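Below: the structure, in structure tokens.
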2 protein chains.
Amino acid sequence: MLRISKLTDYATVLMAEMQSSLDEPRSATVLADQARLELPTTAKVLKILAKSGLVRSIRGVNGGYQLVRPAREISIAAIIRAMEGPIALTECGLEPGTCPREQDCSLRSNWRRIGATVEQALDAMTLADLAAPNSTTEDGHIAERNVDQRLKIVARNQA
Amino acid sequence: MLRISKLTDYATVLMAEMQSSLDEPRSATVLADQARLELPTTAKVLKILAKSGLVRSIRGVNGGYQLVRPAREISIAAIIRAMEGPIALTECGLEPGTCPREQDCSLRSNWRRIGATVEQALDAMTLADLAAPNSTTEDGHIAERNVDQRLKIVARNQA
DNA sequence: CTAAAATAAGACTTAATTGGTACTAATTGA
DNA sequence: TCAATTAGTACCAATTAAGTCTTATTTTAG
């Protein structure tokens, strides 16, 4: 269904939660509580993020996790890559032997092209954009937000 | 990894193969042979596509499958939806009770917005674009193709 | 009109991935 | 030295995807 995994979703929630206190670290227990997630799952996600360098981990008493960079400098694509690996729509990115036919290869090449564009859009969008609150106008429409503006910028650069 | 399933990938290969003979149907056996895919898998994919109305199935002797519309009128998004259901990056599209926190909801809303843009791009791209062969210039660069042009059009409309 | 062959449609089984949990080791500060 | 905290590894469960098999339907031929 062209989706990101649950763990990646949790990662965005946790990192959005973390952006409020850049100065001092918060433990996995506290973050799990604030994000309303299970502790074991939270710990797992934070470990993966720490290993990839998106968050800093501090051991010992009064230790915990914190963002290494402000939210506006962390792209959505970086979070997805940290949690799930390289972004690709089709899985034949590294296995050339799987491709049995010549005509298929043009399909794969075009799939990669589409995937690259999607990745570019996700690279232009930041954690700060994603965590920005919604504002609904009185006629029920949702006001334009950072997300939209980012997407437009990507669109302009593409064209 | 933000990917489509193998079956969806097979579907694009099979439908690209089918576009060459819009007039008379080809059996699952023939299509499997031409696409170099296993027969049972091919049959399964064709059944799903037939059920969703993207291909027509004809029973009996000399029966088979054929596209209902020309390839340029079939969007990539339609194929993905036929094979995998609604396109969404996060899976909380229909379950409002899962969302435990207020702040999270702004994340979800923004995720949906991003997903909608991806879907729009995939809706503007057709099977004919995807199946278009590659042309590489002498300096190693890949010449601009339909896929690029479609993406640019989407980008312009977005902006 | 009957029967056989070809074919699609549906149910089922197996494999793989993901999500979630638990346990042990290492580190830090009091 | 003890308590708090993360790091790493391994494991189990559940969901999903992939592939296989059996049944039902249609068409042509005799």
Side-chain angles (χ1 to χ4, degrees), chain A residues 1-11 13-14 18 24-33 35-68 80 82-85 88-92 95 98, chain B residues 1-11 13-14 18 24-33 35-66 68 80 82-86 88-92 95 98:
Chain A
M1 303 182 191
L2 199 67
R3 67 164 91 151
I4 62 173
S5 72
K6 276 189 182 179
L7 290 184
T8 304
D9 194 9
Y10 296 160
V13 174
L14 286 168
M18 275 190 266
E24 57 184 17
R26 272 178 284 177
S27 70
T29 307
V30 171
L31 286 171
D33 187 52
R36 309 283 172 100
L37 296 173
E38 296 297 324
L39 174 58
T41 303
T42 300
K44 183 176 187 176
V45 171
L46 290 172
K47 277 178 231 175
I48 298 173
L49 291 174
K51 198 173 183 179
S52 66
L54 285 180
V55 305
R56 185 195 342 272
S57 66
I58 300 169
R59 287 189 172 188
V61 179
N62 296 329
Y65 296 92
Q66 62 187 172
L67 296 181
V68 277
I80 296 177
M83 297 299 298
E84 314 186 14
L89 268 66
T90 57
E91 61 178 310
C92 97
E95 310 162 22
T98 319
Chain B
M1 302 181 193
L2 199 69
R3 67 164 92 150
I4 61 173
S5 74
K6 275 189 182 179
L7 290 184
T8 304
D9 194 8
Y10 297 160
V13 175
L14 286 168
M18 274 189 266
E24 57 185 16
R26 273 179 283 177
S27 71
T29 306
V30 171
L31 286 171
D33 186 53
R36 309 281 172 102
L37 297 174
E38 295 298 322
L39 174 57
T41 303
T42 300
K44 183 177 187 176
V45 171
L46 290 171
K47 276 178 239 174
I48 297 173
L49 291 174
K51 199 172 182 180
S52 66
L54 285 180
V55 305
R56 187 196 337 273
S57 66
I58 300 169
R59 288 190 169 190
V61 180
N62 296 328
Y65 294 92
Q66 63 187 173
V68 268
I80 296 177
M83 297 299 298
E84 313 187 15
L89 267 66
T90 56
E91 61 178 308
C92 98
E95 308 162 24
T98 319

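Side chains included, hydrogens not; waters and symmetry mates left out as well; all remaining heavy atoms used. Proteins come first, then strands; the chains are lettered A, B, ... in the order of their sequence lines, and each starts at number 1. In this text the structure is predicted, and so the values were computed from the model without any measurement.
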### Summary
Of D:dT28, D:dA3, C:dG19, the nucleotide closest to the side chain of A:L7 is C:dG19

### Query
Can you check whether B:S57 has a side-chain N or O nearer than 4.0 Å to OP1 or OP2 of C:dA9?
yes

### Donor-acceptor under 3.5 Å (B:E84 side chain, B:S5 main chain)
yes

### Message
If you assign B:E38 and A:R26 each to the DNA chain D nucleotide with the nearest heavy atom, which residue ends up on the more 5' nucleotide?
### Response
A:R26

### Query
Rounded to the nearest Å, what distance is computed from the NZ atom of residue A:K6 to the P atom of nucleotide D:dT15?
9 Å

### Query
For A:M18 and A:L54, what are the C-alpha separation, side-chain angles and deciding distance, and is it a side chain to side chain contact (heavy atoms under 4.5 Å, CB included)?
CA-CA 11 Å; A:M18 275 190 266; A:L54 285 180; over 6 Å; no

### Message
Using 0.5 Å steps for rounding, measure from the CZ atom of A:R56 to the CG atom of A:L67.
### Response
9.5 Å

### Query
Does B:K51 get its side chain close enough to the base of C:dA9, under 3.5 Å, for a donor-acceptor pair?
no

### Length of the line joining A:E84:CD and C:dT18:P, which is rounded to integer Å
8 Å

### Message
Quick check for you: to the nearest 0.5 Å, what is the distance between A:K6 atom NZ and A:M83 atom CE?
### Response
13.5 Å

### Query
To the nearest angstrom, how far is B:L49 atom CG from C:dA8 atom C1'?
14 Å

### Query
OP1 or OP2 of C:dG19 less than 4.0 angstrom from a side-chain nitrogen or oxygen of A:S5, does that happen here?
yes

### Query
Which part of the nucleic acid does B:A43 contact within heavy-atom distance under 4.0 Å: base, sugar-phosphate only, or nothing?
nothing

### Message
Ignoring hydrogens and geometry beyond distance, is the side chain of B:K47 in donor-acceptor contact with the base of C:dA9 at under 3.5 Å?
### Response
yes

#### Entry: Value in whole Å for how far the P atom of C:dT18 lies from CD1 of A:I4
13 Å

### Task
Look at the side chain of B:V61 and decide which nucleotide, out of C:dA6, D:dT5, D:dA18, has an atom nearest to it.
C:dA6

### Query
What integer distance in Å separates A:R56:CZ from C:dT28:C1'?
16 Å

### Summary
Taking for A:T8 and for A:N62 the nucleotide of DNA chain C with the nearest heavy atom, the one nearer the 5' end belongs to A:T8

### Message
Could you check whether the side chain of B:K44 and the base of D:dG19 have a donor-acceptor pair of N or O atoms closer than 3.5 Å, going by distance alone?
### Response
yes

### Single hit among A:L7, A:D9, A:L31 for side chain to side chain contact (heavy atoms under 4.5 Å, CB included) with A:V45
A:L7

### Query
A:I58 near the nucleic acid: base, sugar-phosphate alone, or nothing, with a heavy-atom cut-off under 4.0 Å?
sugar-phosphate

#### Entry: Atom-to-atom span, CG of A:L46 to P of D:dG8 - whole angstrom
13 Å

### Message
In whole Å, I'd like the distance from the CG atom of A:D9 to the P atom of C:dT18.
### Response
15 Å

## Note on the structure
By nearest-nucleotide position on DNA chain C, the 5'-leaning member of B:Y65 and A:R59 is B:Y65

### Residue-phosphate contact under 4.0 Å: B:Y10 side-chain N/O, D:dA18 OP1/OP2
no

### Message
For B:E24 and B:N62: C-alpha separation, side-chain torsions, deciding distance, then whether side chain to side chain contact (heavy atoms under 4.5 Å, CB included) applies.
### Response
CA-CA 9 Å; B:E24 57 185 16; B:N62 296 328; over 6 Å; no

#### Entry: Nearest-Å distance for atom pair CG/P, residues B:L39 and D:dG19
13 Å

